[in-house]
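Before any comments, here is the structure.
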Amino acid sequence: MSKHQIQTVLQHIGQANFDESTGAAPVAMPAMRSSTVRFKSLAHLERAMQDLQQGGRSVVYGRGGMDTHRALEDLCCELEGGVKSLLVPSGMAAISLGILSFVQQGDHVLVADSAYAPVRMLDSWLLQRMGIEISYCEPTVAAFTEALRPNTKVLYLESPGSLLMQMLDLPALTAFAREHGLISVADNTWGSGLQYQPLQLGADVSVIAATKYISGHSDFLMGVVVTNREDLVPALSQCHYALGYSVSADDVWLALRGARTMPIRMRESADSALKVCETLATWPEVERIYFPAWHQDPGHAVWQRDANGSNGILSFSLNTDPARAARFVDQLKLFGIGFSWGGFESLVQLVDTSTLKHHSYWQNQDTPLIRLHIGLEDVNDLIADLQQAWQQSI
Ligand SMILES: *Cc1c(COP(=O)(O)O)cnc(C)c1O
C-alpha cells in the first residue's frame, strides 16, 4: 500500500475482509464490540496462543482488541512509518506508556521544557515515588548534553512544543539520543503522523493524542503509541498489558472514521489559521505570533525542512493589560472558551502564563498569551469575529 500517498492509503486501509461464502464485505469496518473470543477447538486456541507468543496479532481475550482495533493500529503504523501501534484510553496514557515502558528505579529521564504540562504531573505524582528522576531542559543538544547522566535512559520531546509551538531540531536531538544510547520518545499530537513524522526524523517512539486531529470531531479521547523499532515492542506491549489499557471498539470506530478525513480537515484548518495570522499581524497590539507556518516564526525554516504541512493551532501575545485580553476572549462569539484542539470547532484559551515560566522559549514574562484553534468554520466569519471582539474589548 505504501507506494501510494498517505491520503490515498487512509481511504483504503482497515477495510473489513470479504466473507468467504458470499464474497461481500461492508465498506465501513464495523465496531466489533466483544469482551472475549471463543474458539472452534482447543487446537485453534493453541494456534492463537503460539502466534501471540511469537509476537503475532492473534486475539485470545477482548483486551487485545478485535478487527476494528487492528485496523486502527495498522492505520497508525502507516501514518507514522512504524512497525507496531498500541491504543490507549487518552493522549496522557500514551505519554505515560511511552515513558514508563523504558525506565526503572534509579533511572533518569531528560524532558524538553516545552512539553505538554501534565508530563510534570506524571513526574511529581508517579515517577518520583518510583525513584525515577527527571530533568527539564531547554530543548537543545547543548542543554541536554549538560544534563546527561550515566543513568539517563529516555529523551522525551515534543515538536512543535505545547502552547508556543516551538519547533525542535528533531534530527539533531534524536541523533544525540542515539549517540548516548537513550530511547527518544516524541509527542506527535501536532503532526498526528500526517504533517510531521518523528520516527522518520530519528525518534524511536511517537505518541499521539488521537483525541485531537485523528478524532477531529471532539467526541472521544484516545492515545496511540507507535514505534519503528522491533526491539522496543516487547517492553511497550508488556507495559501496555500490565497497565490494563483497553479502548472501546466504538471509540476505535470513530477514530477510523475521523482519520479518513484528517488530511482535508488539517489542510483547511491550516489554510484558515494562516489567514488569521495575516489579520493578527496587522493589529498594532499583537506582539508576536507563534505558528511555525508563519514566515516570521523563528521555527519557520526548521518547519519548512521537517514538516509536511501545518494545522489550525496558533498562539499570539498581546501588548495590552491582561484585563483587555480577557474582555477580548469574552467577546468572541464563534470561538468556544475551552481546552483542547483538533476538532471541527474553533476554540480559544487565555493561557495562564504562570504555566509558561518553565519554558525557556517564553521570554515575554507579563504579556498575555492567547491560543486559538481554528476549526472548520468559514475563515472570513472567524476573522470578522476576532475583529469585532477586539474592538469591543477596548
Ligand atoms: C491534548 C494533548 C495531550 C493529551 O491528550 P488527552 O487525550 O487529552 O489525554 C498530549 N499531548 C498534547 C500535545 C496534547 O495537546
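Counting convention: from 1, in listed order, for ligands and their atoms alike. Just so it is clear, the values below take in all heavy atoms, side chains as well, and ignore hydrogens, waters and symmetry mates.
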For atom OH of Tyr241, decide whether the heavy atoms of other residues, nucleotides or ligands shown that lie under 6.0 angstrom number more than 12.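 Open.
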Could you pull out all donor-acceptor pairs under 3.5 Å where a side-chain atom in residues 269-279 meets a protein atom, sequence neighbours excluded?
| residue | atom | partner | partner atom | Å |
| --- | --- | --- | --- | --- |
| Ser269 | OG | Ile374 | O | 2.9 |
| Ser272 | OG | Glu268 | O | 3.1 |
| Thr279 | OG1 | Lys275 | O | 3.4 |

Just do the side chain to side chain contact (heavy atoms under 4.5 Å, CB included) check on Val207 and Val185 with the steps written out, would you? CA-CA 7 Å; Val207 304; Val185 180; 4.1 Å; yes
For Trp362 and Thr367, which heavy atoms make the closest approach, and how far apart are they? CZ2-O, 3.6 Å
Distance under 6.0 Å and angle within 45° of the ring axis: does Arg288 meet both against Trp294?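 Pair Arg288/Trp294 does not count as cation-pi.
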Listing by chain and number, which residues have a heavy atom under 4.0 Å from ligand 1? Ser90, Gly91, Met92, Ile95, Tyr116, Glu158, Ser162, Asp187, Thr189, Ala209, Thr211, Lys212, Leu221, Trp341
Can you name the one residue among Thr189, Asp306, Asn311 that meets side-chain contact (heavy atoms from CB on, under 4.5 Å) with Tyr196? Asp306
